[in-house]
Amino acid sequence: MNILVINCGSSSLKFQLIDAETEKLTAKGLCERIGIDGSQITFSPAGGEKIKKEVPMADHKDAIRLVLEALTDADTGVVKSLEEIGAVGHRIVHGGESFAKATVITPDVKAAIAECCDLAPLHNPANLIGIEACEALMPGVPMVAVFDTAFHQTMPEEAYLYAIPYRYYEKYKIRRYGFHGTSHDYVSHRAADLLGKPYEELKIIVCHLGNGASVSAVKNGKCVDTSMGLTPLEGLIMGTRSGDIDPAIIEFIANKEDKSIGEIMTILNKESGVLGISDGLSSDFRDLEDGSVAGNRALKAFALRTAKYIGSYVAAMNGVDAICFTAGVGENSPEIREEICNEYLGYLGITLDDEANHKRGEEIDVTTADSKTKVLVIPTNEELAIARQTYALVK
Ligand code: AMP
């Protein structure tokens with residue numbers, strides 16, 4: 001069965017068509033600048049040439065129509081008709097407390113996703129538009145919602161509650177939710193496979209280090225803590241997001257620069273992180289490795305924050321068997337892994353294998369045989385994880 005995986009952002013849409021039985025990618029692509037001048041679609045059939053076209057897209061429904069046309073195109077498409085697409089898996093950012101796992105989409109599920117729009121105002125509305133556009137264009141095809149927050153729903157109360165008046169949890173459900181759950185789920189399971197041990201008997205820390213970044217602690221098969229919170233702003237230093245700061249900074253800047261809370265939130269989301277610390281040099285970690293003082297300052301702060309989270313999760317789980325690195329930076333930067341492990345994690349008995357640490361693009365144990373704690377690099381594959389969960393519900 002072919003599964004179409006859809007990931008709708010506010011002005012973009014990523015898609016992959018995956019054969020669920022063989023788990024092979026059939027095609028993938030991206031629609032960008034939806035609703036903005038100069039929208040374009042990129043379509044890459046597996047093993048074929050990438051096709052890029054500038055086409056107007058007024059909204060996500062237009063985008064999905066173009067995706068379906070590209071998939072079924074007589075010359076360059078990969079399926080003969082839409083009947084060859086058995087189900088659609090939608091990545092949904094926020095499922096609140098309603099969803100601890102993926103679910104087949106019904107009117108009630110859509111209503112529950114809509115209720116979470118307050119908690120993820122940039123993402124959930126776009127996710128809903130994606131669902132409705134697919135329903136309109138592919139009537140009768142089952143749709144599944146896979147939530148970024150679901151994997152973290154196993155966290156105990158002491159990990160998810162903030163130390164603010166309890167009534168705010170009761171009234172507004174203000175609590176830690178965590179994100180990147182599909183990736184943390186996939187990578188922690190792969191870690192258990194690579195270690196050849198039962199998932200339920202391991203203590204695993206997953207560092208998803210990309211433009212957005214988060215760490216999770218997975219103990220005996222359950223997520224017990226994670227660094228992102230009510231929103232994806234908390235925790236690690238990210239490309240442009242601040243991660244943890246003293247909340248009093250918000251009032252301080254507001255008073256000094258006569259700014260609104262909304263303006264400061266934009267600064268914390270878009271102008272902070274390594275971009276902010278490097279004084280505007282770049283949010284891309286590759287650019288920060290240019291040897292400049294500003295780039296170095298940002299990389300050092302990023303590594304220290306990540307190492308501190310790892311240390312706190314070792315404490316939360318009373319030990320750790322494996323630390324996993326994944327996503328753009330985690331998979332591709334041996335320097336960052338080296339800085340984190342060699343500078344700060346010696347007390348865990350970690351010894352990196354330099355040659356293994358410099359390999360690219362494969363699942364690999366980057367420690368020496370006698371390393372007391374294993375460090376694994378595991379390329380994440382959120383789309384495959386979404387396709388698997390979708391298939392499991394509809395087959
Ligand atoms: P992601 O959000 O997982 O797609 O990760 C994207 C980020 O990965 C980019 O912004 C880059 O900063 C980072 N990245 C990609 N390749 C490398 C690399 N070779 N070295 C360091 N960082 C990289």
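Remember, predicted model here, so these are calculated numbers, not experimental data.
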Student: Taking all non-hydrogen atoms of both residues into account, name the closest pair between Asp59 and Asp62 and its distance.
Tutor: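 So the two residues come closest at OD1-N, 2.9 Å.
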Student: Any side-chain heavy atom of Thr351 sitting closer than 4.5 Å to one from Thr367?
Tutor: no
Student: Is there side-chain contact between Arg33 and Gln40, with at least one heavy-atom pair below 4.5 Å?
Tutor: no
Student: Glu289 and Ser333: side-chain donor and acceptor closer than 3.5 Å?
Tutor: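 Per modelled atom types, Glu289 and Ser333 side chains form a pair under 3.5 Å.
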Student: Would a distance-only check, ignoring hydrogens and angles, find a side-chain to backbone donor-acceptor pair under 3.5 Å from Ser39 to Val55?
Tutor: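 Looks like yes, one N/O pair under 3.5 Å.
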Student: Would you mind reporting whether Leu13 and Ile64 have side-chain heavy atoms less than 4.5 Å apart?
Tutor: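 Ile64 vs Leu13: side chains touch.
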Student: Against the six-membered ring of Tyr160, is Arg175 placed for a cation-pi contact (under 6.0 Å from the centre, within 45° of the normal)?
Tutor: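 That pair qualifies as a cation-pi contact.
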Student: So, Lys374 and Asp365, do they make that salt bridge, N to O below 4.0 Å?
Tutor: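 Yes, Lys374 and Asp365 are salt-bridged.
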Student: If a pair satisfies ring pair (Phe, Tyr, Trp, His ring centres under 6.0 Å) and one of its residues is in residues 192-240, list it, with sequence neighbours excluded.
Tutor: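 Output for this query lists His180-His208, His189-Tyr199.
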Student: More than 12 non-hydrogen atoms from neighbouring residues, nucleotides or ligands closer than 6.0 Å to CD on Glu170, yes or no?
Tutor: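 More than 12 within 6.0 Å, yes.
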Student: Decide whether Asp244 and Tyr309 meet the rule of one side-chain donor and one side-chain acceptor closer than 3.5 Å.
Tutor: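 Side-chain D/A pair, Asp244 to Tyr309: present.
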Student: Has the side chain of Glu263 got a donor or acceptor atom that lies under 3.5 Å from a matching backbone atom of Ser260?
Tutor: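 Yes: the side chain of Glu263 pairs with the backbone of Ser260.
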Student: Looking at Arg286 and Asp284, is any side-chain nitrogen of the basic one under 4.0 Å from a carboxylate oxygen of the acidic one?
Tutor: yes
Student: Taking the side chain as everything from C-beta on, heavy atoms only, tell me whether Cys134 gets closer than 4.5 Å to His90.
Tutor: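 SC-SC contact between Cys134 and His90 confirmed.
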Student: Counting only heavy atoms not in Glu355, do more than 12 fall under 6.0 Å of its CD?
Tutor: no
Student: Which atoms form the tightest heavy-atom contact between Gly96 and Thr149, and what is the distance?
Tutor: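 Where Gly96 meets Thr149 most closely, the heavy atoms are N-OG1, 4.1 Å.
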Student: Return yes if a side-chain donor-acceptor contact under 3.5 Å exists between Glu21 and Tyr391, otherwise no.
Tutor: yes
Student: Can you tell if the side chain of Gln16 reaches within under 4.5 Å of the side chain of Leu25, non-hydrogen atoms only?
Tutor: yes
Student: More than 12 heavy atoms of other residues, nucleotides or ligands under 6.0 Å from CD of Glu83: is that the case?
Tutor: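 Result for CD/Glu83: open.
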Student: So for atom CG, which belongs to Asn318, do other residues, nucleotides or ligands contribute more than 12 heavy atoms lying within a distance under 6.0 Å?
Tutor: no
Student: Side chains of Thr266 and Asn269: any donor to acceptor distance under 3.5 Å?
Tutor: no
Student: Within the 3.5 Å criterion, strictly below it, is a donor on Glu234 or Tyr162 matched to an acceptor on the partner's side chain?
Tutor: yes
Student: With no hydrogens and no angle check, just 3.5 Å: does a side-chain donor-acceptor pair link Asp290 and Ser292?
Tutor: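 Yes, a side-chain donor-acceptor pair sits under 3.5 Å.
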Student: If we ignore hydrogens and angles and just use 3.5 Å, is the side chain of Glu339 paired with the main-chain N or O of Glu335 as donor and acceptor?
Tutor: no
Student: Checking salt bridge (charged side-chain N to carboxylate O under 4.0 Å, His left out) between Arg388 and each of Glu382, Glu383, Glu23, which is the one that passes?
Tutor: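 The option that passes is Glu23.
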Student: Taking the side chain as everything from C-beta on, heavy atoms only, tell me whether Thr326 gets closer than 4.5 Å to Leu209.
Tutor: no
Student: Report yes if some heavy atom in the side chain of Arg337 is under 4.5 Å from a heavy atom in the side chain of Val377; otherwise report no.
Tutor: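 With C-beta onward as the side chain, the pair touches.
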Student: Answer whether the closest heavy-atom distance between the side chains of Phe179 and Thr226 falls below 4.5 Å.
Tutor: no
Student: Check whether Val218 and Tyr186 end up in the same hydrophobic cluster, where Ile, Leu, Val, Met, Phe, Trp and Tyr are linked by side-chain heavy atoms less than 4.5 Å apart.
Tutor: yes
Student: Is it the case that atom CD in Glu84 sees more than 12 heavy atoms from other parts of the structure closer than 6.0 Å?
Tutor: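 Atom CD in Glu84 is crowded, with more than 12 foreign heavy atoms closer than 6.0 Å.
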Student: Is the centre of the Tyr177 ring less than 6.0 Å from the centre of the His94 ring?
Tutor: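 For Tyr177 and His94, the ring centres are under 6.0 Å apart.
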Student: Please say yes or no: joined through hydrophobic side-chain contacts below 4.5 Å, possibly via intermediate residues, are Met155 and Leu236 part of one cluster?
Tutor: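 No: no chain of side-chain contacts under 4.5 Å links Met155 to Leu236.
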Student: Do other residues, nucleotides or ligands put more than 12 heavy atoms under 6.0 Å from Asp258 CG?
Tutor: no
Student: Would a hydrophobic clustering, with Ile, Leu, Val, Met, Phe, Trp and Tyr connected at side-chain separations under 4.5 Å, put Ile336 with Leu348?
Tutor: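 Per the 4.5 Å side-chain linkage, Ile336 and Leu348 are co-clustered.
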Student: Heavy-atom count check: over 12 atoms from other residues, nucleotides or ligands less than 6.0 Å from Lys203 NZ?
Tutor: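 Atom NZ in Lys203 is crowded, with more than 12 foreign heavy atoms closer than 6.0 Å.
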Student: Any pair with a residue in residues 134-162 that passes salt bridge (charged side-chain N to carboxylate O under 4.0 Å, His left out), sequence neighbours left out, goes on the list, sorted by first then second residue, please.
Tutor: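 For residues 134-162, and leaving out neighbouring residues, the salt bridge (charged side-chain N to carboxylate O under 4.0 Å, His left out) pairs sorted by first residue read Arg91-Asp148, Lys110-Glu135.
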Student: When you measure from the centre of the six-membered ring of Phe99, is the NZ or CZ of Lys101 under 6.0 Å away and within 45° of the axis?
Tutor: no
Student: Within a reach of under 6.0 Å around CG of Asp37, are more than 12 heavy atoms found that belong to other residues, nucleotides or ligands?
Tutor: no
Student: Looking only at non-hydrogen atoms, find the nearest pair between Glu338 and Leu352 and report the distance.
Tutor: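 Heavy-atom minimum between the residues: CA-CD1, 3.8 Å.
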Student: Are Leu376 and Tyr313 linked, directly or through intermediate hydrophobic residues, by side-chain heavy-atom contacts shorter than 4.5 Å (ILVMFWY only)?
Tutor: no
